[in-house]
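Encoded as structure tokens, the structure appears first; notes follow it.
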Amino acid sequence: MNVLIVEDDDGVAEALERTLVAHGYGTHRVGTGAEALDRLGEEQLVLLDLGLPDLDGFEVCRRMRKASCVPVIALSGRSRELDRVLALHLGADDFVAKPFSRYELVARIEAVLRRAAGCVRHGTAPAAEPAPDAVSPAGPGAGPRRAGSGPLEAGPLRVDPRTRKVFVRDREVRITRKEFDLLLLLMQEPGTVMERQEIMSRVWDENWFGSSRTLDVHVRSLRGKLGDRQWIETIRGVGYRLAVPAAAHA
């Protein structure tokens, strides 16, 4: 398992290398965004510092996600909510604020790799297993429809587990790996309220030790990409459920 370290601070990069090698990972170091983009496809995971000397780290993240499904963990000394949201929105699979312990970093790497799903578009792994037949409807005519292992549908929203693509009114919506996993989970039981802890354990990991606000960040981003915040309804104090907006039936 090879990890690409994108970090312009030699001291930080060397410390990351020592930690990863000690835990059995192969590494390759680059100090610029351009070098990182050139290496894309050669490693199985990327540790991306957002403060690079040539390209903005967020832009590097966006280009990586556009070209590949390789897991990306963003590293940054900027820990504001806006920075975390933007990194996740642009395709990062996780965000780790500096300073961090080596144990936390390795645990997050292992969690991301465990949860990394297949990507048919870029061929980095086998396609995801199709979801089980859906059950409760989210509204009139909104129940998911499947033919064999085909897409799940709720109103004008269509999610294809095999190709990991999402469409709203036949327009493809680009979302991140974790956003897809979250949406697919909700699509499997539309109208059913899913508790926060259950979502976290199924979409992230039962041993996830980060803040549950990660879920809120992904929900907020997903709502924006689907074009209507009513697609995912908040049940205060409990969790979330998929609900087809009234406007979608028009």
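Excluded from the calculations below are hydrogen atoms, water molecules and symmetry mates; all remaining heavy atoms, backbone and side chain alike, are included.
- Between M194 and L186 there is a side-chain heavy-atom pair separated by less than 4.5 Å.
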For this session: Give the intermediate values and the outcome of side-chain contact (heavy atoms from CB on, under 4.5 Å) for residues L242 and L183.
Result: CA-CA 8 Å; L242 184 80; L183 181 58; 4.3 Å; yes
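- A distance-only check finds no donor-acceptor pair linking the side chain of R174 to the backbone of K165 [under 3.5 Å].
- The distance from the CG atom of L50 to the CD atom of E59 is 12.0 Å, given to the nearest 0.5 Å.
- To the nearest 0.5 Å, atom CZ of residue R114 and atom CD1 of residue I109 are 12.0 Å apart.
- Hydrophobic clustering places L37 together with L52 (ILVMFWY residues linked when any side-chain heavy atoms are closer than 4.5 Å, directly or through intermediates).
- For E43 (side chain) and L45 (main-chain N/O), no donor-acceptor pair under 3.5 Å exists by modelled atom type.
- Atom CG of L16 is separated from atom CZ of R102 by 12.0 Å, given to the nearest 0.5 angstrom.
- When side chains are defined from C-beta on, L182 does not count as touching I175, because their heavy atoms never get closer than 4.5 Å.
- Between the side chain of D94 and the main chain of I73, no donor-acceptor pair closer than 3.5 Å is present.
- No donor-acceptor pair under 3.5 Å is formed between the side chain of R84 and the backbone N or O of F95.
- None of I235, D216, L222 except one satisfies the side chain to side chain contact (heavy atoms under 4.5 Å, CB included) rule with Y240; the exception is D216.
- Going from atom CG of L47 over to atom OH of Y25 covers 10.0 Å, rounded to the nearest 0.5 Å.
- In summary, the side chains of E35 and T32 do present a donor paired with an acceptor at a separation below 3.5 Å, with no hydrogens or angles considered.
- Remark: E195 CD is loosely packed, at most 12 non-hydrogen atoms of other residues, nucleotides or ligands lying under 6.0 Å away.
- Each of V106 and V96 belongs to its own hydrophobic cluster when Ile, Leu, Val, Met, Phe, Trp and Tyr are linked at side-chain heavy-atom distances under 4.5 angstrom.
- Within the 4.5 Å cutoff, the side chain of E14 has heavy atoms near those of the R29 side chain.
- Considering CG of L86 and CZ of R78, their distance stands at 9.0 Å, rounded to 0.5 Å.
- In this structure, T19 contributes its side chain and A15 its backbone to a donor-acceptor pair below 3.5 Å.
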For this session: Evaluate the criterion salt bridge (Lys or Arg N to Asp or Glu O under 4.0 Å) for residue pair R65 and D93; output intermediate values, then yes/no.
Result: CA-CA 10 Å; R65 184 53 66 234; D93 295 279; 3.0 Å; yes
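- A continuous path of hydrophobic side-chain contacts links F180 to L185 [ILVMFWY only; heavy atoms under 4.5 Å].
- One finds the CE atom of M1 at 13.5 Å from the OG1 atom of T27 (value rounded to the nearest 0.5 Å).
- The closest side-chain heavy-atom distance from E179 to K225 is below 4.5 Å.
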